[in-house]
Asks: 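Dumping the structure here so I can ask a few things about it.
As the structure is a computational prediction, the values presented were derived from the model and not from experiment.
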Amino acid sequence: MIKNIRTGLSFGIVAGLMTFLFGGWSVAVLGTLMGVGLGLGLGGRFPRKDPLKIAAAAFPSGLVAAVVLILLSLYQNSNVMDAIGKKPFAEDLALKANLLGFFGTVIFTSLLAALHGLPEKQERFYKMILLAILVVAFPFVDQATSLRWTAQIIFALIFVILGLGLNIVVGYAGLLDLGYAAFFAIGAYTTGILSSPVHSIELNFWLVIWIAAAMAAIWGLFLGAPTLPLRGDYLAIVTLGFGEIVPVLFKNLIDVTIKEPLTCWILPLFRIQTKCIILVEHEDLTLGEKGISPIGRPSLPLLELGEPMGSAYLIKLALMGLALALVVFLLVRSIRSGNKSISSLIGYGVALVGILLVFIPIPLTGVKFIDSLLGVLQPGEFESSRPVTWYFLIIGLILLSIFIISRLRDSRLGRAWMAIREDELAAAQMGIDPVKTKLAAFAMGATFSGFAGAFYAAYIRGIFPSVFDFSASIIILCVVILGGIGNINGVIVGGLVLMMADRLFLPALKDFLSLLLTHTVLPSINDPVVQMAVKDNANPILYRFLLFGLTLVIMMAVRPEGLIPNAQVRAELHAADEEKKG
Amino acid sequence: MESIKKKINLRRLGTLAITLYIVFLIGPIAGLDVPAIAAAIKANPLQLVQFLIIGISNGAIIAIIALGYTMVYGIIELINFAHGDVYMIGVFTSLTVLSVTGTLDSKDPVKIILGLILALVIAVAFCAALNASIERLAYRRLRNAPRLAPLISAIGMSFIVENVGLMWAAQAWLVPSFGTTGGASQKVFPDMIGALFKATGFNGGDVNLFASTDIALRLTAKDVLVIVLAVALMIGLYLFVQRTTLGKAMRATAQNRDAAKMLGINIDWVITATFLIGGGLAGAAGLMAGLYNNTAWWFMGFRAGLQSFTAAVLGGIGNITGAMLGGFLIGLLASFSDGYLNARWTNAWVFATLVLILLFRPTGLLGEQTGQKA
Amino acid sequence: MLELKDVHTYYGNIHALKGISITVNDGEIVTLIGSNGAGKSTTLRTIQGLIRPRSGSIVLDGIALDKVAPHKVAELGVAQSPEGRMIFPRMTVLENLEMGAYARKEKSGFQQDLDRVFSLFPRLKERITQKGGTLSGGEQQMLAMGRALMAHPKILLLDEPSMGLAPILVELIFDTIVAINKEGTTILLVEQNALMALSIANRGYVIQTGEIIMSDSAASLKSNEMVQKAYLGIE
């Protein structure tokens, strides 16, 4: 019991401190997320029965967490805002936000914990539903509360896809690829070249994304092939090399001239006069450091539902999609298990309602909250100022990726990968062709990079070679290592945690600190030298590399299998420890 | 048997031929325009000698750093990714010492010399300690872990040390010459050798020991100093490893760790000593590089590390003489690439060299091990 | 001099030594025989400190060895010619022997011990500047033993010295072992070649899948029926 209270306390403190950085409505969102996390964490500590009992048992922890959160949030609004020289949040809004945060925490903690009391299949089912609701609702909530986290989440999700791809190479096949960003670059540049007015080719994004993925896959084969005879360190170094050469290539392909060497200078050496064959002359392929921009964006054709493409249309579309998915899922389940339970009936009911919703002109106005939502969803084009549509596109890409990768993992190819990861020689003797298997790993891994690269290019509207350098490869590696090598869920969590820390947390911390310094700390320091020292060094962005480096070192030392480990990899990594003890 | 040997040789030759063809086909994009280069050499032969001098001088620095990589790899089969960054720290350390002691602005030759010696001593000591700490913190506990773990940890350490360099370069309150441009920009490492010459009036105050009429070719005191110092360090290390007990213990540990343990060699100490020596050398290389190239940049360790590691592999990883040879060769490669090809592509060429060596002759030029390390 | 009591050693989860008890008295040659994988080398590695036993005690002249680091064990007077010889391939014969003397307490007797090694193994003196990796199998075995002797040890552990050697060399090696013992060095000999081992030893232990199944004088073991069938090839 005490242990659980302590967990609740620590969650509350962490979330509460985070409100210092963001303020405003963040307490509501953080409260809800914290509730989910706390519930998930606590649930695992109880035996799998009696959900109501668990809910009650988890309640005090949730309460503690909520109280701590609110206290810190209120302190933030009253004192901290002062210290950083900002006006506090309006009283009535702050009250609403804090109440939402409070109830969000308490309710979701008990709810998520209680789920653990259900039989495993049901628990997973409800967790899926909950996750789906959170995922779908998030951008709307974000917009309404003007937290503006969606753009950063999209960025994080791009790296999640990259992580999933790298996970195939490093996690499943055990090949340490330190130059993975090269494929990201290839995907992005393919998209850029094919859908930008720069080269007068402007193909549709929905076509280009597949070309980019295929291009990346082909290059996966090319760059993977030379590494086939190498192991361990040397493999890593060579991939590092390629990872460096590719961005340099893109940076410098601004004056491409290809002459056929035999005719142009080898034969003339022997006085055999032949005409020099020039294949390409002074082509500016990648525009070098200027980068390729603007890049075309996807457009939403979608179905015609007999009404103008307004916000209500989109919401209905989303609901219908969910409902259909639910129906399919339930059908499949009941066909497989031949079981008709209450949850199925409820599910069918919900699905029916969802489908009907589409055809019923339900007035979606009347609540201020939803009004602001309507402002968000304008039809058609993807614009960067409205990240919602991009958000759903990348969620779709991620779902597609998860689907493909989990099928791969459980297929013969996936097992072949794991076999060569453990012992290549033994695998070869069992009839697994290491060449084909490794090449397949590189190609598949690169494909997802291609997807991510295409999305990135279209989202950012312009690509520059400096983005794809060595540190990008290492960041992606960090995502996989932190999250869990060989584990899809792990990579997703790792990607979200790491990228949110890097792109959301650090900049917010920087803003917070600089305001804090300007208003409170610096005026109280007399020595100008010290003042300068403090001011120059209180910039968390300076410590980015430290963040990634420490992640790698600490994870390797303490928990090399990652936050959410793959059971097999965990066993492999700790077998060595067992040997030492022996 | 003969025919199989022939087949394998044919295949290797074929692969080599195809690779060379592709290199020459695509090479011109990266500046490898052979006829143009030949013409340039014909037109200005002195320039070739100048590039040679630059190549050997920089190569000497690369060789010193490569020694650290090769010694560590020889003894624990780990690529110490952070080694290049330790060298960068050496540059910053010596610059800071020179700044804090007031040597940078001094016109007194004795003070300059004392300042330089102090900077050398502190840079060597600090980098030695840094390298040994990195081993202690990041690699020691992973000695029995699967090979990927210490490699990943090494990359992490490299990032950390690079960040330290970035932060250091931002401390304008400590070293005023850093200026207010922030940590990421290149900093100036003043030409102390030139200042020394001016202060003593030696050689008429001119740091050029020999210069052609159009100054296309100059041999400066800095070149001589760097090369002499580097050769001295290399000879010193060679003698140490060949003649002293600790040196022999290091070689023994590298060749068979269990046997070394059984003979009473304390492996932990030997490994620590290896890191200390490697780090110290990197520190010295840092001062030398600062005096020679007159810049300090938080990211310079990456490029230096890449070049030095390639040098170590080229010479035969684990082989000290090989590292020295490789260093000079890579220095020349980089110099010629900067001069005749295109400086933007030099990193790519060095990496390409590395890849080619690993594919076609992984044991390097002087290497003795056969077969792949699993 | 050396006493192992109920030593249990594990490789990860594999129980390699299951309660080994061995005694070696001053001046003896004791042999440990058994088939492949029985645990003979594991026993020597445990004594040397390369593996730490999970339980049991190892005592050398009153000093406990079971928790001591390998380099300290060597300093305490335990020298080994290991399985596979493990000589340093890129160091010369002389350097290998110098390394053997690394742990010795009294540095003064170095030249004496060197001369002694060369008189025992004249072939090594001929090849004194040759790199270890270029020696033949038999010469490498001599070098390994010579290197161990350079430590002027209290007890010499020999791990399968006959492995991979032609019979005439095996005879030579074993004659040398007897000579070394006559000069006063205690020896624990681990061997697959039970016949040779039992002919020069005072006492012997038979180890099978990690357990000592027999312990007796060498002569008795040699004439023991079970031993004869299983290890001596005599039907």
Asks: Minimum heavy-atom separation for S153(B) and M556(A), please, with both atom names.
Replies: N-CG, 4.0 Å
Asks: For the pair Y73(B) and Y234(A), name the ring-plane relationship: parallel under 30°, tilted 30 to 60°, perpendicular over 60°.
Replies: parallel
Asks: With a 4.5 angstrom heavy-atom cut-off, could you sort out which part of L235(A) is near chain B: side chain, backbone, both or neither?
Replies: neither
Asks: What part of A172(B) is in contact with chain A, defined as an atom under 4.5 angstrom from a non-hydrogen atom: side chain, backbone, both or neither?
Replies: both
Asks: Is there side-chain contact between W349(B) and V248(A), with heavy atoms separated by less than 4.5 Å?
Replies: no
Asks: Assign the ring pair F545(A) / F159(B) to parallel, tilted or perpendicular, where the plane angle (0 to 90°) is split at 30° and 60°.
Replies: parallel
Asks: When rounded to the nearest 0.5 angstrom, what distance separates CG in L546(A) from CD in E162(B)?
Replies: 11.5 Å
Asks: Return the OG1 to CD1 distance between T551(A) and I152(B), rounded to the nearest 0.5 Å.
Replies: 12.5 Å
Asks: For L354(B), is it the side chain, the backbone, both or neither that has a heavy atom under 4.5 Å from a heavy atom of chain A?
Replies: side chain
Asks: Looking at every heavy atom in both V553(A) and A138(B), which two are closest together, and how far apart are they?
Replies: CG1-CB, 4.3 Å
Asks: Could you report the tightest heavy-atom contact between A236(A) and L151(B), atom names first, then the distance?
Replies: CB-CD2, 3.5 Å
Asks: Taking side chain as everything from C-beta outward and backbone as N, CA, C, O, which of these in S471(A) sits under 4.5 Å from a heavy atom of chain B? Side chain, backbone, both or neither.
Replies: both
Asks: Step by step, would you call L178(A) with F81(B) a side-chain contact (heavy atoms from CB on, under 4.5 Å)?
Replies: CA-CA 12 Å; L178(A) 294 181; F81(B) 265 98; 4.0 Å; yes
Asks: What distance do T227(A) atom OG1 and L358(B) atom CG have between them, rounded to the nearest 0.5 Å?
Replies: 11.0 Å
Asks: Measuring from I155(B):CD1 to L240(A):CG, what's the distance to the nearest 0.5 Å?
Replies: 7.0 Å
Asks: If you count every heavy atom of other residues, nucleotides or ligands that lies below 6.0 Å from F360(B) atom CZ, does the total exceed 12?
Replies: yes
Asks: I'd like to know if the side chain of N163(B) and the backbone of L542(A) have a donor-acceptor N/O pair within less than 3.5 Å.
Replies: yes
Asks: So, taking the atom named CH2 in W345(B) and the one named CG in L249(A), what distance separates them when rounded to the nearest 0.5 Å?
Replies: 4.5 Å
Asks: Can you tell me how far CG of D233(A) sits from CG of L78(B), rounded to the nearest 0.5 angstrom?
Replies: 7.0 Å
Asks: Which one of F470(A), F548(A), F242(A) has the most heavy-atom pairs closer than 4.5 Å to chain B?
Replies: F470(A)
